[in-house]
Protein chains: 2
Amino acid sequence: MDCDPSMAEDRVAQACLLARQILDTEGWDAVTMRRLAAEMGIQAPSLYKHLRDKDQLKTALVAAGIGELGEALHAAGPDLAGLATAYRRWALAQPHLYDLATSGTLDRARLPEGLEDHAAQPLLDALGDQDRARAAWAAAHGLATLEISGRFPPGADIDAAWAAMVTAFEARPRRSRRA
Amino acid sequence: MDCDPSMAEDRVAQACLLARQILDTEGWDAVTMRRLAAEMGIQAPSLYKHLRDKDQLKTALVAAGIGELGEALHAAGPDLAGLATAYRRWALAQPHLYDLATSGTLDRARLPEGLEDHAAQPLLDALGDQDRARAAWAAAHGLATLEISGRFPPGADIDAAWAAMVTAFEARPRRSRRA
DNA sequence: GTCTATAGTGGGATAGAC
DNA sequence: GTCTATCCCACTATAGAC
C-alpha cells in the first residue's frame with residue numbers, strides 16, 4: 001500500500017492521504033479511524049472493508065517518511081554540512097511524520113525491502129564507514145528530536161549545536177578509513 | 001513531590017515508588033490510576049485525595065530520571081569515553097524511565113530549579129563549550145534511543161557506533177575553545 | 001461497498017455518602 | 001481518607017442487513 005495521490009479515487013489511497021494530512025497538522029493521536037471515516041463521508045466500520053487494521057495505515061506513513069527523508073538526503077549533495085542541513089530541514093518541516101517514522105519499534109518485515117539502506121546511503125558515503133555513519137545518523141536524530149520536542153533550553157543556539165556536530169564528524173578519524 | 005523510599009508510609013511516596021516499579025518493568029502505558037490503586041489496596045478515586053492528577057506522578061518520575069542520570073554522569077569521571085559509557089549504561093538499565101524523561105515535551109515549570117543544568121554539567125566540562133556539549137548530548141541521546149527501540153539493523157556493531165561518536169567529539173575543534 | 005448497531009476494552013476524573 | 005457509584009471520554013474492531 002502507498003499514498004500515491006494519483007490514485008486518490010481509491011479509498012485506500014484516499015484514507016492514506018487524509019491520514020497524512022491529519023498527522024502533519026495534529027499528530028498521530030489525532031488520526032483515528034472514526035475521524036478518517038467521518039472526513040471521507042462514510043462510517044468508521046466501512047473502513048475495514050478496505051484496510052486490514054490501523055497499523056497498515058501507520059506502516060504506510062512510516063515508509064513514506066523514511067522514503068522522503070532519504071530523497072531529501074540524496075538530493076543534498078555529498079558533503080556532511082549539506083546532509084545535516086537537509087536532514088534538519090526535512091525533520092522540522094514535518095515533525096509529526098518524523099517522530100512517527102523514527103520513534104518506537106519498527107516492524108521491518110512490513111517495510112519495503114532496502115528502504116532504510118537507500119535512505120542511509122548518503123550518510124554512509126559521506127562518513128566513510130558504517131560505524132561513523134551510524135554515530136552521525138544518531139547525532140542528527142538526537143538533535144532533530146530534541147529540537148522538535150523543544151528540549152533545548154530557551155536561549156540555546158541550536159544552529160551552533162548542529163554546526164558543532166558537523167565539525168566533530170568532519171575531521172577524519174585517526175586510523176585511515178578501511179580500504 | 002518526590003519518590004523518597006524513606007517516607008513510603010506516605011501514600012504519595014508509595015504511589016510514586018509503585019509507579020516507578022511498573023514503569024521500569026512494563027512501560028508508562030501500564031501505569032494507570034486504576035492499577036496503582038489496586039496494587040495499593042485502595043480504590044482508584046481515593047488516589048485523587050493525595051494526587052492532583054496523573055501528570056503529577058509523571059513529573060516526579062521525569063525529575064527522578066533526570067536526577068539519577070545526572071548522578072551517573074557526575075560519578076563517571078571527566079573523560080568523554082567514560083561519560084558516554086555511563087550515559088549508555090544508565091539509559092539501557094532503565095529504558096522506560098529514560099524514554100519518559102527524555103521524550104516528548106517537558107514542562108520545565110514543574111521541575112526542580114537547576115536540575116537539568118546540574119545533570120548536564122559533566123558534559124559541559126568535558127566538551128569545553130555549550131554548543132559542543134549540546135551536540136554531544138544529542139548524539140548520546142540519539143544513540144541511546146535508537147538502541148533502546150531496536151532501530152539499529154540486526155547485525156549492527158553498536159559498541160563501535162558509540163566509540164565512533166566518542167572519537168568524533170574527542171578531537172579538539174579547529175578554533176581554540178573560548179577563553 | 002455501504003450501512004446500523006454494538007461489542008469490548010480501556011482510560012481519567014468527579015460527586016457525595018460515610 | 002476511604003468508599004460506591006458513575007460520568008465522561010475515546011478507541012479498534014466485528015456482525016449482519018441491505
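Because the structure is a prediction, the values reported are computed rather than measured. Residue numbering restarts at 1 for every chain, and letters A, B, ... go by the order of the sequence lines.
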Upstream residue (5' side of DNA chain D) when B:Ala44 and A:Met33 are each assigned their closest nucleotide: B:Ala44
message: On the nucleotide D:dC11, are OP1 or OP2 found under 4.0 Å from the side-chain N or O atoms that A:Arg35 carries?
response: no
For [X] and [N], what is the distance between atoms [atom1] and [atom2] respectively, to the nearest whole Å?
X	N	atom1	atom2	answer
A:His50	C:dT2	NE2	P	4 Å
B:Arg11	D:dG1	CZ	C1'	9 Å
B:Arg34	D:dT4	CZ	P	14 Å
B:Leu36	C:dG12	CG	P	9 Å
A:Gln14	C:dG1	CD	P	13 Å
A:Arg52	D:dT14	CZ	C1'	15 Å
B:Lys58	C:dG11	NZ	C1'	15 Å
B:Met40	D:dT2	CE	C1'	12 Å

- request: Give a yes or no on whether a salt bridge exists between A:Asp159 and A:Arg88, defined as a side-chain N under 4.0 angstrom from a carboxylate O.
  value: yes
- prompt: Within the structure shown, what part of the strands sits under 4.0 Å from A:Lys49 by heavy-atom distance: base, sugar-phosphate, or nothing?
  reply: base
task: Looking at every strand, decide which applies to A:Ser46 at a 4.0 Å heavy-atom threshold: base, sugar-phosphate, or nothing.
output: base
query: Using a distance-only test with no angle check, is there a side-chain donor-acceptor pair under 3.5 angstrom linking B:Asp117 and B:Gln121?
result: no
message: Using a 3.5 Å distance criterion without hydrogens, assess whether the side chain of B:Lys54 forms a donor-acceptor pair with backbone atoms of B:Val31.
response: yes
- request: Report yes or no: does A:Ser103 contribute a side-chain atom to a donor-acceptor pair with the main-chain N or O of A:Leu100 at less than 3.5 Å?
  value: no
So which nucleotide from [options] ends up closest to the side chain of [X]?
X	options	value
B:Gln43	C:dG12, D:dT4, C:dC3	D:dT4
A:Pro45	D:dC11, D:dA13, C:dA13	D:dA13
B:Lys54	C:dT2, C:dG12, D:dC11	C:dG12
B:Ile42	D:dC3, C:dC3, D:dT12	D:dC3

field: In one Ile/Leu/Val/Met/Phe/Trp/Tyr side-chain cluster, 4.5 Å: B:Ile148, A:Tyr98
entry: yes
